[in-house]
Peer 1: 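Take a look at the following structure, please.
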Amino acid sequence: QGMFGGKKLKDLTEEDIRSYAASLANGGGVGGEVEAAGKDAEAAEAEPAPVPAAEPEAAADVDGDEAGQDVAAEATELERAVELDGRQLELARRRKEEEEAKRNQRHVELEEERVRRIAEEERLREEVLGQLDRSQMPAVRTGDGMLQKTIEHYTFADSEDVASISIDLDKDLFEGAAAHLTEDGVEVNTKESEVTIVLHRLPASKTVAALAEWRLHLAPLFHSVEPERTTWRIRKGKLSVKLTKRKRQEWRRLVKF
């Protein structure tokens with residue numbers, strides 16, 4: 001390298017080469033230096049160029065992955081919360097439906113019990129009537145000379161807004177009474193807390209042909225009624241009178257006492 005002034009082999013000129021040849025011809029001991037210089041030049045050419053420092057991309061990728069995992073975890077947690085709320089709402093809906101079904105069932109049972117109670121009362125009444133004469137009270141004569149009989153038996157039925165009175169003429173008066181009664185012979189007078197039913201021109205009994213006035217007076221009623229809305233009709237041997245309640249409420253019986 002000292003001989004060529006620090007030049008590399010590739011940078012040598014023709015003049016440098018000629019000077020080198022001349023030196024060899026003169027027997028100069030520079031062969032080893034030339035060989036070493038050649039090797040140094042080749043090593044310098046073979047040495048790889050410096051590699052620039054790597055950018056911190058790996059760290060950025062790690063941070064991005066962690067952020068993505070956090071978002072995914074939050075989404076999963078939100079889905080679980082929504083699913084839990086949905087299950088709770090469904091359970092609440094089912095409980096409400098079950099409670100409503102129980103209330104409806106209870107209402108049905110109470111209504112069936114009321115019907116059974118009325119049927120049992122009617123059965124007992126008919127049983128008693130079968131053992132007794134329909135009308136036990138004797139006829140009395142009024143001031144105008146007309147015979148008057150008391151209607152001793154009737155059936156009461158209660159509904160939400162109506163209290164009903166039913167008189168089975170052949171059972172509650174005497175056998176064959178229905179054949180003698182017409183609509184012209186029915187009179188119903190209602191006041192706020194009482195009702196009077198009068199059947200005109202009926203025989204006093206099955207065996208007594210004398211005409212009498214059959215009368216049923218009920219007071220005080222269990223609750224108040226609207227007199228102008230009272231209705232009645234005769235159908236299949238029964239007289240039915242319907243009293244419209246002033247307030248919708250249960251009547252445990254027709255009269256207070």
Side-chain angles (χ1 to χ4, degrees), residues 113-159 162-227 229-246 249-257:
E113 177 62 23
R114 187 184 70 83
V115 172
R116 283 195 298 269
R117 186 174 65 252
I118 292 175
E120 180 63 16
E121 291 174 354
E122 176 66 13
R123 185 189 67 78
L124 294 174
R125 186 183 70 86
E126 292 182 354
E127 183 178 317
V128 171
L129 289 178
Q131 298 174 359
L132 301 174
D133 188 7
R134 299 294 194 275
S135 178
Q136 296 293 304
M137 297 180 65
V140 297
R141 195 171 294 277
T142 62
D144 57 3
M146 173 67 71
L147 289 177
Q148 188 177 86
K149 293 276 291 183
T150 298
I151 299 175
E152 302 175 48
H153 308 288
Y154 60 87
T155 301
F156 162 65
D158 183 46
S159 64
V162 172
S164 301
I165 304 168
S166 178
I167 301 173
D168 189 323
L169 300 172
D170 287 346
K171 292 181 179 180
D172 295 329
L173 302 186
F174 59 87
E175 186 178 350
H180 298 278
L181 184 65
T182 63
E183 291 187 352
D184 294 339
V186 178
E187 179 183 353
V188 179
N189 297 312
T190 308
K191 296 181 180 180
E192 185 174 329
S193 60
E194 63 182 67
V195 60
T196 301
I197 301 172
V198 181
L199 308 180
H200 297 282
R201 299 181 298 279
L202 283 180
S205 69
K206 181 179 179 180
T207 58
V208 178
L211 297 180
E213 182 181 86
W214 290 76
R215 186 173 182 271
L216 173 63
H217 179 70
L218 299 169
L221 297 174
F222 196 74
H223 289 296
S224 300
V225 298
E226 298 183 13
R229 298 183 64 184
T230 299
T231 61
W232 61 268
R233 71 172 183 173
I234 300 175
R235 185 171 181 270
K236 295 182 179 181
K238 290 185 178 182
L239 171 64
S240 298
V241 179
K242 296 186 180 296
L243 307 175
T244 300
K245 299 176 181 179
R246 189 169 296 278
Q249 53 190 323
E250 180 185 4
W251 286 26
R252 293 192 297 273
R253 51 185 178 274
L254 187 56
V255 292
K256 289 184 178 179
F257 33 78

Peer 1: For residues T155 and D168, determine if any side-chain heavy atom of one lies less than 4.5 Å from a side-chain heavy atom of the other.
Peer 2: no
Peer 1: Going by heavy atoms in the side chains, are W251 and L221 under 4.5 Å from each other?
Peer 2: yes
Peer 1: Check step by step if side chain to side chain contact (heavy atoms under 4.5 Å, CB included) holds for I165 and L218.
Peer 2: CA-CA 10 Å; I165 304 168; L218 299 169; 3.7 Å; yes
Peer 1: Within a radius of less than 6.0 Å around CZ of R116, do more than 12 heavy atoms belonging to other residues, nucleotides or ligands occur?
Peer 2: yes
Peer 1: Could you pull out the closest heavy-atom pair between A139 and K149, with the gap in Å?
Peer 2: CB-CD, 3.3 Å
Peer 1: Side chains of L239 and V188, heavy atoms from C-beta outward: is any pair under 4.5 Å?
Peer 2: no
Peer 1: Going by heavy atoms in the side chains, are L147 and L211 under 4.5 Å from each other?
Peer 2: no
Peer 1: With a 4.5 Å heavy-atom cut-off, do Y154 and I197 have their side chains touching?
Peer 2: no
Peer 1: Look up atom CG in L243 and atom CZ in F156, then write down how far apart they are to the nearest 0.5 Å.
Peer 2: 9.0 Å
Peer 1: Would you give the length of the straight line joining atom CD1 of I167 to atom NE2 of H153, rounded to the nearest 0.5 angstrom?
Peer 2: 11.5 Å
Peer 1: Quick one: does W214's side chain have a donor or acceptor within less than 3.5 Å of a partner on P203's backbone?
Peer 2: yes
Peer 1: Q148 versus R215: any side-chain heavy-atom pair under 4.5 Å?
Peer 2: yes
Peer 1: If we only count heavy atoms from C-beta on, is the P227 to R246 side-chain gap below 4.5 Å?
Peer 2: yes
Peer 1: Would you check, one step at a time, whether the test side chain to side chain contact (heavy atoms under 4.5 Å, CB included) holds for L181 with L173?
Peer 2: CA-CA 11 Å; L181 184 65; L173 302 186; over 6 Å; no
Peer 1: Which heavy atom in G237 sits nearest to a heavy atom in A178, and how many Å separate them?
Peer 2: CA-CB, 3.9 Å
Peer 1: If you measure from NZ on K238 to CZ on R233, what distance do you get to the nearest 0.5 Å?
Peer 2: 11.0 Å
Peer 1: Using only atom types and a distance under 3.5 Å, with no angle test, would you say the side chain of N189 pairs donor to acceptor with the backbone of T196?
Peer 2: no
Peer 1: Side chain to side chain donor-acceptor pair (under 3.5 Å), that's the test. Do T182 and D184 meet it? Break it down for me.
Peer 2: CA-CA 5 Å; T182 63; D184 294 339; 4.8 Å; no
Peer 1: Check whether any side-chain heavy atom of V241 lies under 4.5 Å from a side-chain heavy atom of T190, and answer yes or no.
Peer 2: no
Peer 1: Please evaluate residues R117 and E120 with respect to the criterion salt bridge (charged side-chain N to carboxylate O under 4.0 Å, His left out), reporting the C-alpha separation (whole Å), side-chain torsions for both, the decisive distance (0.1 Å), and the verdict.
Peer 2: CA-CA 5 Å; R117 186 174 65 252; E120 180 63 16; over 6 Å; no
Peer 1: With side-chain hydrogen bond (donor to acceptor under 3.5 Å, both in side chains) as the test, pick out the partner of D158 among K245, R253, R114, R252.
Peer 2: K245
Peer 1: Looking at every heavy atom in both K242 and V162, which two are closest together, and how far apart are they?
Peer 2: CB-CG1, 3.8 Å
Peer 1: Which heavy atom of E194 sits nearest a heavy atom of A219, and at what distance?
Peer 2: CB-CB, 3.4 Å
Peer 1: Decide side chain to side chain contact (heavy atoms under 4.5 Å, CB included) for W232 and E187; before the verdict, give the C-alpha distance in whole Å, the side-chain angles of both, and the deciding distance to 0.1 Å.
Peer 2: CA-CA 10 Å; W232 61 268; E187 179 183 353; over 6 Å; no
Peer 1: Looking at every heavy atom in both L202 and H180, which two are closest together, and how far apart are they?
Peer 2: CD2-CB, 3.4 Å
